[in-house]
Amino acid sequence: MDAQVAIVGGGIIGIAVAAYLAEAGRDVLVLDRSGVCEETSSGNAGALAFSDILPLAHKDMLSQVPRWLMDPLGPLSIPPSYLPRLLPWLWRFMRAGHPAKFEAAVSAQASMMALAEREWSSLMGRSGTKHMLREDGSLELYESEAEFHATEPGWKLRRRYHIPFRHLEKDQIAELQPGLSERFVRATFVPGWKTVSDPQRLGQAVWTYAERHGARFMPATVASVKAEEGAVRVVLSGGEVLKCASVVIAAGSWSRPFAAGFGDRVPLETERGYNTTLPADAFAVKRQLIFPRHGFVVTPLETGLRIGGAVELAGLKRAPDYRRSRAMLEKAARFLPGLKTEGGRAWMGYRPSLPDSLPIVGQAGRERRVFYAFGHGHLGLTQAAATGRLIRDLVLEQSPPIDLRPFRAGRFRERD
């Protein structure tokens, strides 16, 4: 055997899985074309969003879609040429907003988030990375009473799952974030929202920990994964073949064809997210600021001030449209008077997203030696440690700590 476990994908999900399996004594080999946390996991907003239990297909979000689509540089964009391919995903997305499906997804997401918070705390302690954690909470900002009241159903749901938050009046906002524009009339403070000092550096530090337990990395592009008697074959783009006892597919937005090879046709779509990272002294931001009406956040990192978000449903091949980064930067300058907008680095990454906002975590439908860990959407960093724990338990044939039925790959086939 070339490895007991091969992990396809070196983003934060694959690295967390590697850490858990290496701790358990498994011989682990991570395969990635770029490196450890070099692509999508390098540029996210750095949030451990454990309170973010609402699927994207909730009423407040759906009500804003028509307005967003009218603005080509707004929070949501769908290029007309991509729309025909996207229609099946959109149909499933709208169905995910049905009350019964929505409630089930909230319950499943809440269980995943509770596990994620526990596992990240434990993994950071074991890996010596707790100094990278920031527990400053988040501040969600509203420009009108109507916008604030539209979010109330979501906050009521969070209260049901014992997620603490505090609504603020206009005169209370400056205490938590001085220097904001006067346009914000209400806000909500979520004390349990956490961020990290830099998401890429955290991922690479967790990998260093995995390496100390024997995990190995190979720079390679994986062409296919095939099961045969006695082993799972991983075929690389150059023709080399690796034989492994089991394989974990954690390739993010590139996971769909691997799953299809084992009979699991999953509606995985790509949300392209944009950001600009400014120098750290661009503005004295105290905690992550969330602008829900505009679909972006501002995060203070040790490596700079990151302004990003938005959703562009446009697949993997379309060239980046960095006007979207500039549009968010221009809005941020209006919301944070005095923001220094010079010297920023624009970036675009691919979020692997499923219509019901739940990831796929479990075994392949036709092959018990192949495991899936992808489709986390906006929550890859948040749910990485939970996913690592769950995949470890499955590989070791142990009972997972939460019900994995809502996260199985076959759930979409069963609904159609």
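Quantities reported herein were computed from a predicted structural model and do not represent experimental measurements.
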More than 12 heavy atoms of other residues, nucleotides or ligands under 6.0 Å from [atom1] of [X]: yes or no?
{"X": "K286", "atom1": "NZ", "value": "no"}
{"X": "R405", "atom1": "CZ", "value": "no"}
{"X": "R183", "atom1": "CZ", "value": "yes"}
{"X": "Q398", "atom1": "CD", "value": "yes"}
{"X": "H131", "atom1": "NE2", "value": "yes"}
{"X": "E145", "atom1": "CD", "value": "yes"}
{"X": "R265", "atom1": "CZ", "value": "no"}

Look at the side chain of [X] and the backbone N and O of [Y], then say whether any donor-acceptor pair between them is shorter than 3.5 Å.
{"X": "S121", "Y": "E117", "value": "no"}
{"X": "S107", "Y": "A104", "value": "no"}
{"X": "R186", "Y": "H167", "value": "no"}
{"X": "Q172", "Y": "L168", "value": "no"}
{"X": "K170", "Y": "F184", "value": "yes"}
{"X": "R256", "Y": "E269", "value": "no"}
{"X": "S41", "Y": "I12", "value": "yes"}
{"X": "T270", "Y": "L316", "value": "no"}
{"X": "Q200", "Y": "S42", "value": "no"}

Rounded at 0.5 Å granularity, tell me how far [atom1] in [X] sits from [atom2] in [Y].
{"X": "L87", "Y": "L83", "atom1": "CG", "atom2": "CG", "result": "4.5 Å"}
{"X": "L141", "Y": "I290", "atom1": "CG", "atom2": "CD1", "result": "8.5 Å"}
{"X": "L31", "Y": "R33", "atom1": "CG", "atom2": "CZ", "result": "13.0 Å"}
{"X": "F407", "Y": "H376", "atom1": "CZ", "atom2": "NE2", "result": "9.0 Å"}
{"X": "I78", "Y": "R85", "atom1": "CD1", "atom2": "CZ", "result": "14.0 Å"}
{"X": "F335", "Y": "M328", "atom1": "CZ", "atom2": "CE", "result": "12.0 Å"}

Exercise. Taking the six-membered ring of Y350 (Phe, Tyr or Trp), confirm whether the NZ or CZ of R318 is under 6.0 Å from its centre and within 45° of its axis.
Key: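 No; the conditions do not both hold, so R318 does not lie above the ring face of Y350.
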
Quiz prompt | Ring-face cation of R158 near W155 (centre distance under 6.0 Å, axis angle within 45°) | solution =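 Geometry flag: set, cation within 6.0 Å and 45°.
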
Can you name the nearest heavy-atom pair linking [X] to [Y], along with the distance?
{"X": "L305", "Y": "A282", "result": "CD2-CB, 4.1 Å"}
{"X": "V311", "Y": "R351", "result": "CG2-NH1, 3.8 Å"}
{"X": "N275", "Y": "S325", "result": "O-OG, 3.5 Å"}
{"X": "V266", "Y": "A259", "result": "CG2-CB, 4.4 Å"}
{"X": "A45", "Y": "V297", "result": "CB-CG2, 3.8 Å"}
{"X": "C37", "Y": "G203", "result": "SG-CA, 3.7 Å"}

Would you say [X] and [Y] make side-chain contact, with heavy atoms under 4.5 Å?
{"X": "V222", "Y": "W254", "answer": "no"}
{"X": "S253", "Y": "T40", "answer": "no"}
{"X": "M124", "Y": "L202", "answer": "yes"}
{"X": "R126", "Y": "E23", "answer": "yes"}
{"X": "F371", "Y": "V5", "answer": "no"}
{"X": "V285", "Y": "Q177", "answer": "yes"}
{"X": "S197", "Y": "R134", "answer": "yes"}
{"X": "L29", "Y": "C244", "answer": "no"}

Exercise. Check the pair F258, F374 against side-chain contact (heavy atoms from CB on, under 4.5 Å), reporting the backbone distance first and the verdict last.
Key: CA-CA 11 Å; F258 296 114; F374 62 84; over 6 Å; no

Hey, are [Y] and [X] close enough side-chain-wise for a donor-acceptor pair under 3.5 Å?
{"X": "T195", "Y": "Q288", "result": "no"}
{"X": "Q383", "Y": "Q109", "result": "yes"}
{"X": "Y20", "Y": "T387", "result": "no"}
{"X": "S138", "Y": "R287", "result": "no"}

Quiz item: Any salt bridge between D356 and R92, counting N to O under 4.0 Å?
Solution: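 Answer for the salt bridge query: no.
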
Quiz prompt | Working for side-chain hydrogen bond (donor to acceptor under 3.5 Å, both in side chains), residues S51 and Y161 | solution = CA-CA 9 Å; S51 62; Y161 289 93; over 6 Å; no

Self-check item: Positive for side chain to side chain contact (heavy atoms under 4.5 Å, CB included) with Y274, one of F296, W347, Y322
Solution: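 Filter result, single survivor: Y322.
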
Practice problem: Please step through side-chain contact (heavy atoms from CB on, under 4.5 Å) for the pair R389 and R118, ending with a clear verdict. | Solution: CA-CA 10 Å; R389 163 69 188 276; R118 295 194 303 270; over 6 Å; no

Exercise. Take D2 and V234 through the side-chain contact (heavy atoms from CB on, under 4.5 Å) test and state the conclusion after the steps.
Key: CA-CA 10 Å; D2 293 287; V234 178; over 6 Å; no

Self-check item: From CA spacing to verdict: side-chain contact (heavy atoms from CB on, under 4.5 Å), R326, T276
Solution: CA-CA 8 Å; R326 292 193 292 273; T276 302; over 6 Å; no

